[in-house]
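A short write-up of the structure that comes next.
One-based numbering, in listed order, for ligands and for the atoms of each.
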Amino acid sequence: MNILIVDDQTFIRKSIKNDFLTLDGNHNFVEADSGNAAIKLIEINTIEGLDFFDLIIADLKMDDGDGLAIIDYLANASSKSVPLAIISSSDVRTLELIRNIISGFNLCCVGVYQKPLDVDVLLEDLVIKSGEPKKNLKLETKKSDVKYNIKKLLNEDAIFLFYQPKIEIASGKIVGFEVLTRLCIKEDGFIYPDKFIPLIEDAGLSCILAKLVLNQAVSQWELSPILKDYTLSVNISAHDLLSTDFINYVIDKHIDSSDIKLMLELTESQNMEIQDKSLQSLAKLIINDILISLDDFGKSYSTFDRLDSLPFNEIKIDRDFVMDLDSNKQHCAIVESIIALAKKINVTVVAEGVETASVLKRLNLLGCDIAQGYHFSPPIEGRYLLNWINEYNSHNEGSYETS
Ligand code: C2E
Ligand code: CA
Ligand code: CA
């Protein structure tokens, strides 16, 4: 194969080349260190509409023309059918976004891969992909594989709960933890919610997951009295509010463990707005002293006007607006106005996706109450939680600053 490898880091190009040669030696490599250099090479090598390259592997983030510039070029050129693999160190959400962009362009996308690239996986995907230029087969194949297992997987042994701290900005004190779920599949390791939640929702299994998660998290809180100082926040999707059985389950759980400060973080489900039935369920939860947080605020709640009569407790600003708050004026303005709104209606405001001290400082100046994000800690696996709390509290005593 004639393979074009595009990455601004020499060692990455070299390592991909070596991996190909170790697996299957018969290739011709051309390298480019930027998107623009790659586009020139593709142009020069496309003779009378015939593509020279059999595969293009391109990094997403480069200075002189990035991976998106290559995608854009291929979408507008005659070389639409050249198999393209994108590699990146971005998070899963960004990778998913890139997949969506590529599938919109009808390009021959082999896959979008997190670095370091596993050439073995890429070659497998390429075989599947050959002769199918229009669909993103990698995604679909993987999706149905997981779907096949999803019913079987949804049991207590496969569910692993991680907890991410919510920190009061003014004092640096831990106020609560958000439960983030991972499914553990023997062969594949941890599977993240971005992948399995849509499958669970499609299969109508959302409430089963919600019950399992709630049950496991409450058990952990019951086992350690120290955890009861902290709010336990569990994610639910708007979909779950349609199940009376689920709502009753949550209320019963809360009655059995009434000393746990239980909060539900509500996200609007895909293609589903908050309906009358959901509003009733929310009211029922609120009456029973279960705290409600509106998650991903700024991004979801297209029908926010219908929520204004509900005495919810917390607004969580979506991490996409928070992460680059210190360098993106538009995001800063959005965050500022959400905080102002929260103050007006007297609810706590949480910023998620706080990755740096600089963003934390800005949030403090804007009057945000609580922060959550990698700056404090990534989600922590349940068995390490008490150790983390001890360590954080012993370091934080008397030494906390946001500036
Ligand atoms: P979310 O509720 O918005 O959760 C925050 C997500 O941001 C988590 O991703 C977390 O790991 C990630 N995150 C935390 N701090 C940072 C940071 O500083 N920077 C960046 N870039 N990301 C950060 P995760 O665990 O992959 O969860 C993704 C989404 O899946 C969650 O978004 C939540 O909506 C959903 N989810 C997770 N667990 C459950 C669950 O048990 N049930 C339901 N229904 N949804 C869940
Ligand atoms: Ca959440
Ligand atoms: Ca969120």
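- Ring centers of F190 and F162: under 6.0 Å apart, within the cut-off.
- Listed for the D318 side chain is no donor-acceptor partner under 3.5 Å among the backbone atoms of F321.
- Restricting E352 to its N, O or S atoms, the one at the least distance from the Ca ion (ligand 3) is OE2.
- Note on D295: its N/O/S atom closest to the Ca ion (ligand 2) is OD2.
- Of the protein's non-hydrogen atoms, E355 OE2, 2.6 Å is the one closest to atom 19 (N) of ligand 1.
- In this structure, atom 27 (O) of ligand 1 lies nearest to the protein heavy atom P193 CG, 3.5 Å.
- Looking at heavy atoms from C-beta onward, L180 lies in side-chain contact with E178 at the 4.5 angstrom threshold.
- Taking 4.0 Å as the cut-off, Q372 does not count as a neighbour of ligand 1 on heavy-atom distance.
- At a threshold of 3.0 Å, the Ca ion (ligand 2) has a backbone or side-chain N, O or S atom of E265 nearer than that distance.
- Per-residue contacts place V354 under 4.0 angstrom from the following atoms of ligand 1 (heavy atoms of the residue considered): 18 (O).
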E222 vs S257, test: side chain to side chain donor-acceptor pair (under 3.5 Å). Steps then yes/no. CA-CA 8 Å; E222 282 296 356; S257 304; 2.7 Å; yes

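- Taking the ring axis of F297 as reference, the NZ or CZ atom of K316 does not stay both within 45° of it and closer than 6.0 Å to the ring centre.
- In this structure, K166 pairs ionically with E314, as a charged nitrogen and a carboxylate oxygen lie closer than 4.0 Å.
- If you look at F376 and W388, their ring centroids are not closer than 6.0 Å.
- Contact atoms of ligand 1 toward Q164: 14 (C), 15 (N) (distance under 4.0 Å to a heavy atom of the residue).
- In this structure, atom 38 (N) of ligand 1 lies nearest to the protein heavy atom T181 N, 3.2 Å.
- Looking only at its N/O/S atoms, D296 has OD1 as the one nearest to the Ca ion (ligand 3).
- Atom 10 (C) of ligand 1 has L180 CD1, 3.8 Å as its closest protein atom, hydrogens excluded (heavy atom only).
- Looking only at N/O/S atoms, E178 comes nearest to the Ca ion (ligand 2) through OE2.
- Backbone and side-chain nitrogen or oxygen atoms of H375 are examined, and none is located within less than 3.5 angstrom of a nitrogen or oxygen of ligand 1.
- Taking every non-hydrogen atom of P379 and a distance limit under 4.0 Å, the qualifying atoms of ligand 1 come out as 11 (O).
- Nearest approach of G172 to N396, heavy atoms of both residues: O-ND2, 3.0 Å.
- Nearest protein heavy-atom contact of atom 28 (C) of ligand 1 is D194 OD1, 3.7 Å.
- In the model, D369 has no side-chain atom that pairs as donor or acceptor with a side-chain atom of T348 under 3.5 Å.
- Residue contacts with ligand 1, taken as heavy atom pairs separated by less than 4.0 Å, involve D295 solely via side-chain atoms from C-beta onward.
- Look at R182 and you'll find a heavy atom under 4.0 Å from some atom of ligand 1.
- Separating the SG atom in C207 from the CD atom in E201 is a distance of 10.0 Å, to the nearest 0.5 Å.
- For the pair N235 and ligand 1, the shortest N or O to N or O distance falls below 3.5 Å.
- Ligand 1 places these atoms under 4.0 Å from at least one heavy atom of D296: 3 (O).
- Summarising the local packing, NZ of K61 is surrounded by 12 or fewer heavy atoms from other residues, nucleotides or ligands at distances under 6.0 Å.
- Numbered from 1 in the order shown, with element, the atoms of ligand 1 that lie under 4.0 Å from a heavy atom of V213 read 41 (O).
- Between D240 and ligand 1, not a single N/O pair is under 3.5 Å apart.
- E31 has a carboxylate O that lies under 4.0 Å from a charged side-chain N of R13, or vice versa, which qualifies the two as a salt bridge.
- Annotation for K228: atom NZ counts as buried by contact number, over 12 foreign heavy atoms lying within 6.0 Å.
- Look at S293 and the Ca ion (ligand 2): no N/O/S atom of the residue is under 3.0 Å from the metal.
- At the top of the distance list for atom 34 (O) of ligand 1, counting protein heavy atoms only, stands T267 OG1, 4.0 Å.
- Proximity to M323 (heavy-atom distance under 4.0 Å) selects the following atoms of ligand 1: 19 (N), 20 (C), 21 (N).
- The closest non-hydrogen atom to atom 7 (O) of ligand 1, taken over R319, K195, Q216, comes from R319.
- With atom 18 (O) of ligand 1 as the reference point, the heavy atom nearest to it among F196, Y374, F162 is part of Y374.
- For CG of D259, the number of neighbouring non-hydrogen atoms (other residues, nucleotides, ligands) closer than 6.0 Å is greater than 12.
- For the pair D59 and K115, the salt-bridge criterion is met [side-chain N within less than 4.0 Å of a carboxylate O].
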